[in-house]
Amino acid sequence: MENEELLESSEATDHPQYDLDKVYLFTEFPDKISGRCDNCNKAHFESSIKDGAFLRKCRNYGMKKAI
């Protein structure tokens with residue numbers, strides 16, 4: 001069982017796990033590649049404004065950032 005846990009933890013460090021329910025702040029988590037999703041590397045986003053903040057949501061993965 002310990003080997004399985006180590007394997008899972010090493011996989012988690014290779015590919016960061018993002019909470020899809022959380023809205024990330026662009027100032028704290030800037031794009032790895034400008035204008036692209038940090039997880040899937042696609043540039044397809046839905047845009048909206050919520051509570052005076054511009055929100056960008058990846059159409060493919062669903063990760064949200066407040067710009």
On a heavy-atom basis, the closest approach of R36 and A43 is NH1-N, 3.7 Å
Distance, nearest 0.5 Å, that separates SG of C40 from OH of Y61:
9.0 Å
List the atom pairs, donor and acceptor, that lie under 3.5 Å between side-chain atoms in residues 44-52 and the rest of the protein, sequence neighbours left out.
none

Partners of Y24 by ring pair (Phe, Tyr, Trp, His ring centres under 6.0 Å), sequence neighbours excluded?
Y18, F29
If you group Ile, Leu, Val, Met, Phe, Trp and Tyr whenever their side-chain heavy atoms sit less than 4.5 Å apart, what else falls in with L55?
V23
Nonpolar side-chain network containing L25, other nodes, edges under 4.5 Å
none
Partner set under side chain to side chain donor-acceptor pair (under 3.5 Å) for D31, not counting sequence neighbours:
R56, K65
Among all residues two or more places apart in sequence or in another chain, which pass the side chain to side chain donor-acceptor pair (under 3.5 Å) test with K57?
none
